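So the structure is just underneath, and the comments pick up after that.
What you are looking at is a predicted structure, and each value in this text was computed from that prediction instead of being measured.
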Amino acid sequence: MTERDRTSEITQQLDRPPGAEEERGVKEILKELRPQLQELVRLHGEMARTELEPVAKRAGRAVGLLVAGAVFLFLFLIFFFLAGMYTMQAAGFPPWAAAGINAVILLIIAGVLAGAGAAGLRGLDPKPQRTIRSVQRSIEWFKEQFGR
């Protein structure tokens, strides 16, 4: 007998009016429902995992690209701003002024990059929406079956 057949049979038994068969206790009913509820919880867990996998992969790729980009940008900026400092010193700027100008430029670039990375991560929805709806439907069905 499959899980669906057992669930259908139990539902039919619960829908029968009192006195149609021997009176069953709550303990007996819960004992019969336990395997179905365990299977339901297991399936909802699988559903949530399946639903979140693509989001987690996209987030992992986004973070990996951000880190790789940051490493290469960091190396580039070291050489670029050293060249800029030497150029400014050759043009007559004192070393402290050349370093200060470069620091401000680095701060602006870092802020823009951090904001872009954060916006990309904020756009991801980590909630398993379909699983949440399915669990809510299961709870509603369960409440209907027991008259709550």
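Remark: Ser138 pairs with His44 by the side-chain hydrogen bond (donor to acceptor under 3.5 Å, both in side chains) rule, at least two apart or across chains. Remark: Arg42 engages Glu39, Glu46 in a salt bridge (charged side-chain N to carboxylate O under 4.0 Å, His left out) (not counting sequence neighbours).
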Determine all donor-acceptor pairs shorter than 3.5 Å in which one atom belongs to a side chain in residues 110-119; sequence neighbours excluded.
none

Enumerate donor-acceptor pairs with a distance under 3.5 Å from any side-chain N or O in residues 86-102 to protein atoms, sequence neighbours excluded.
unit_1: Thr87; atom_1: OG1; unit_2: Ala83; atom_2: O; d: 2.7
unit_1: Asn102; atom_1: ND2; unit_2: Phe81; atom_2: O; d: 3.1
unit_1: Asn102; atom_1: ND2; unit_2: Ala98; atom_2: O; d: 3.3

Review item, side-chain donor-acceptor pairs of residues 58-76, under 3.5 Å, at least two apart:
none

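The hydrophobic cluster containing Val41 does not contain Met47, counting ILVMFWY residues as joined when their side-chain heavy atoms lie under 4.5 angstrom apart, directly or transitively.
Grouped by direct or indirect side-chain proximity (heavy atoms under 4.5 Å, Ile/Leu/Val/Met/Phe/Trp/Tyr only), Val135 sits with Ile139.
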